[in-house]
Protein chains: 2
Amino acid sequence: MTADSLTKALAAAETHCVERGEKLTPVRKRVLELVLEADGPVKAYDLLEALKPGPGSAKPPTVYRALDFLMTAGLVHKVEALNAFVGCSHAHDDGGAELFICSTCGSVEERHGAPEPVNAPAGFMIQRSVVEHFGQCANCRPA
Amino acid sequence: MTADSLTKALAAAETHCVERGEKLTPVRKRVLELVLEADGPVKAYDLLEALKPGPGSAKPPTVYRALDFLMTAGLVHKVEALNAFVGCSHAHDDGGAELFICSTCGSVEERHGAPEPVNAPAGFMIQRSVVEHFGQCANCRPA
DNA sequence: GAGGCGAATGTTATAATATCACGCCTCTAG
DNA sequence: CTAGAGGCGTGATATTATAACATTCGCCTC
């Protein structure tokens, strides 16, 4: 992500939060910035490292609280199979995203509106879906 | 799962392993039994507790190695979003399963043959998919 | 049977991920 | 003012997972 589009994404995120009646505080904004800057999924403890130029500050709860907030706001997704997090420049309040993660270069593509599974057991009411596909993206795909 | 169908499932698992040229050793069999006995997803450290009636034995690597084996054999699936494991009485070598997990009663339904997502980015070659749906099963669904 | 190989397991330690509990600060409504 | 809520700092700890090395056992060969 370029510096320019990063700035725009942060501004959009701020707007998005305000519309929801929530605050994008400095800590939260900084975490979002770090996640968006990354090329691929980021680990919580890498964020933690990045957050502490100063000595004592930035303990685990700091980053986990920020990530919880950002996930609830739809600005960040957790990649469950990696215990890592990816940013989402175009915030969306619908819970579900479908992730395509390249195992080679680490890039993540996000899609929305995955069709309801036709296979669902009768009467099952889906509240939250985790859909993550791992493989090779077009660039990394072997010839 | 009834005691009877558990016995049958273990026998089937044994056959399945032999066909693959692998051994369902006592530790592996015991872990599979514990996973199948459980009503829902089981945590690795709960298995660990269950494995040690005796004193010293059963350290984390024991259960993780057994689980790795069983997952590779397709006898057990990991629920990534819960860091837990579910058994699969009908072994299948195709990697992918679609899981429907009831957040209320913990029951897990498994389906196969989820259609390839139509949304995949151009040229993306999927190697492994994680598909987990959380919600309420027909029994637990509020009226 | 002796020796050696490989797979599986035992054992010790530690890494990596995540949460709890408590207290302080700041803002704001009343 | 003051009381409550939200956000954050801080220390401790819980939970999940792996690394590294030693040991055992079956099997094959000589």
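Every chain is numbered from 1, with letters handed out A, B, ... down the list of sequences. The shown structure was predicted, so the numbers you read here are calculated from the model rather than taken from an experiment.
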### Query
Which residue pairs pass the salt bridge (charged side-chain N to carboxylate O under 4.0 Å, His left out) test with at least one member in residues 61-73 of chain B, sequence neighbours excluded?
none
### B:Arg141 side chain to A:Gly123 backbone, donor-acceptor under 3.5 Å
yes
### Whole-Å gap separating P (D:dA17) and CG (B:Leu47)
11 Å
### Query
Which parts of residues 25-35 of chain B get close to DNA chain C, meaning a heavy atom less than 4.0 angstrom away?
B:Thr25, B:Val27, B:Arg28
### Query
Base, backbone or nothing for each nucleotide of nucleotides 19-30 of chain C, written B, S, -, heavy atoms under 4.0 angstrom, 5' to 3'?
BB----------
### Task
Round to the nearest Å and state the distance from B:Lys52 atom NZ to C:dT9 atom P.
18 Å
### Message
Taking 4.0 Å as the cut-off, does a side-chain nitrogen or oxygen of B:Thr62 come that near to OP1 or OP2 on C:dG10?
### Response
yes
#### Entry: Length of the line joining B:Asn83:CG and C:dA18:P, which is rounded to integer Å
7 Å
#### Entry: Residues forming a side chain to side chain contact (heavy atoms under 4.5 Å, CB included) with B:Ser5, sequence neighbours excluded
B:Met1, B:Thr2
### Query
CG of A:Leu24 versus C1' of D:dG7: gap in Å, rounded?
13 Å
Sequence neighbours excluded and cut-off under 3.5 Å, please list the side-chain donor-acceptor pairs for residues 43-50 of chain A, or say none.
from    : atom 1 : to      : atom 2 : distance (Å)
A:Lys43 : NZ     : A:Leu82 : O      : 2.9

### Task
Go through the structure and list residues passing side-chain hydrogen bond (donor to acceptor under 3.5 Å, both in side chains) with A:Glu110, not counting sequence neighbours.
A:His77, A:His92, A:His112
### Query
According to the salt bridge (charged side-chain N to carboxylate O under 4.0 Å, His left out) rule, which pairs have a member within residues 73-92 of chain A, sequence neighbours left out?
A:Glu80-A:Arg128
### Spacing between A:Leu51 atom CG and D:dT10 atom P, to the nearest angstrom
13 Å
### Message
Going by salt bridge (Lys or Arg N to Asp or Glu O under 4.0 Å), name the residues that satisfy it together with B:Lys23, two or more places apart in sequence or in a different chain.
### Response
none
### Query
Can you name the residues that form a side-chain hydrogen bond (donor to acceptor under 3.5 Å, both in side chains) with B:Asp39, not counting sequence neighbours?
none
#### Entry: Whole angstrom value for the distance that separates C1' of D:dT15 from NZ of B:Lys78
12 Å
### Task
Give the rounded distance in Å between these two atoms: CG of A:Leu82 and C1' of D:dT16.
15 Å
### Query
Could you give the CD-to-C1' distance, from B:Glu22 to D:dG26, as a whole number of Å?
17 Å
### Query
Think A:Lys43 has a side-chain N or O under 4.0 angstrom from the OP1 or OP2 of C:dT17?
yes
### Message
If we ignore hydrogens and angles and just use 3.5 Å, is the side chain of B:Glu22 paired with the main-chain N or O of B:Ala73 as donor and acceptor?
### Response
no
